[in-house]
Amino acid sequence: VDTSNGAKIFNANCASCHIGGGNILIEQKTLKKEALSKYLENYDVDSIAAITHQVQNGKNAMPAFKDKLTPQEIMEVAAYVSQQAELGW
Ligand code: HEM
């Protein structure tokens, strides 16, 4: 899958808090596979859908992106995060 556009969207909107797949605000809630599996609801059922839900709606200190990114952009960034989690960032 070509996730180069997802990478650009990630760098512009997510890397401020999630640089390198980390989390500067809540250090254990990273975007690494083990953390996603542990903390992100339904990640093991459907990783893309679970990431999409979090990006659309936000959670606690993470802002919602549904009014900032298009559905296509959210799909692309979710695919990128899922791929990077599989690759180990
Ligand atoms: C959690 C993705 C932008 C702050 C998460 C999680 C994902 C995610 C998948 C779940 C991680 C886990 O539970 O281990 C993204 C994407 C972003 C983005 C794709 C861009 C579109 C941001 C930004 C901030 C932020 C800009 C900071 C202002 C957080 C925080 C959590 C979190 C604090 C933990 C939420 C909680 O469970 O309390 N993010 N994020 N995120 N993100 Fe983001």
Side-chain angles (χ1 to χ4, degrees):
V1 184
D2 180 6
T3 55
S4 58
N5 202 45
K8 285 183 202 157
I9 296 162
F10 185 88
N11 289 331
N13 294 279
C14 320
S16 54
C17 294
H18 293 294
I19 184 130
N23 189 325
I24 65 161
L25 293 177
I26 303 184
E27 71 174 358
Q28 70 274 23
K29 291 192 171 178
T30 70
L31 308 184
K32 309 219 166 159
K33 192 176 181 177
E34 298 70 26
L36 291 168
S37 185
K38 187 167 175 187
Y39 299 116
L40 183 62
E41 199 170 306
N42 292 324
Y43 182 75
D44 294 328
V45 179
D46 184 338
S47 64
I48 308 260
I51 297 165
T52 296
H53 182 268
Q54 173 104 4
V55 173
Q56 284 173 331
N57 300 293
K59 187 180 178 189
N60 301 318
M62 176 169 155
F65 285 87
K66 63 175 181 295
D67 298 328
K68 263 190 84 176
L69 297 175
T70 66
Q72 173 76 27
E73 288 171 326
I74 291 175
M75 198 187 79
E76 288 179 344
V77 80
Y80 172 73
V81 169
S82 173
Q83 182 184 71
Q84 288 301 111
E86 286 303 317
L87 294 172
W89 289 92

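Computation of the quantities below employed the complete heavy-atom set of this structure, encompassing side-chain atoms and omitting hydrogens, waters and symmetry-equivalent molecules.
For K38, the side chain to side chain contact (heavy atoms under 4.5 Å, CB included) test picks out no residue, with sequence neighbours left out. Partners of D46 according to the side chain to side chain contact (heavy atoms under 4.5 Å, CB included) rule, which considers only residues two or more places apart in sequence or in another chain, are I48, A49. With sequence neighbours left out, the side chain to side chain contact (heavy atoms under 4.5 Å, CB included) criterion links Q28 to I26, Y39. A15 meets the side chain to side chain contact (heavy atoms under 4.5 Å, CB included) test with F10, N11; sequence neighbours excluded. Looking at residues two or more places apart in sequence or on another chain, you find a side chain to side chain donor-acceptor pair (under 3.5 Å) between H53 and N57.
Residue L36 holds its CG atom at 9.0 Å from CG of D44, rounded to the nearest 0.5 Å. Rounding to the nearest 0.5 angstrom, the gap separating the CG atom in N13 from the CG atom in L69 is 4.5 Å.
The shortest side-chain heavy-atom distance between E41 and K59 does not fall under the 4.5 Å cut-off.
Counting only residues at least two apart or on different chains, no side chain to side chain donor-acceptor pair (under 3.5 Å) pair has a member in residues 14-27. Residue pairs that meet the salt bridge (charged side-chain N to carboxylate O under 4.0 Å, His left out) test with at least one member in residues 2-17, sequence neighbours left out, do not exist here.
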Mind listing the side-chain donor-acceptor pairs of residues 75-89 below 3.5 Å, one per line with the distance, residues two or more places apart or on another chain?
| unit_1 | atom_1 | unit_2 | atom_2 | d |
| --- | --- | --- | --- | --- |
| E76 | OE1 | N5 | ND2 | 2.4 |
| E76 | OE2 | Q72 | NE2 | 2.8 |
| S82 | OG | S47 | OG | 3.1 |
| Q83 | OE1 | T3 | OG1 | 2.6 |
| E86 | OE1 | K33 | NZ | 3.1 |
| E86 | OE2 | K33 | NZ | 3.4 |
| W89 | NE1 | L31 | O | 2.8 |

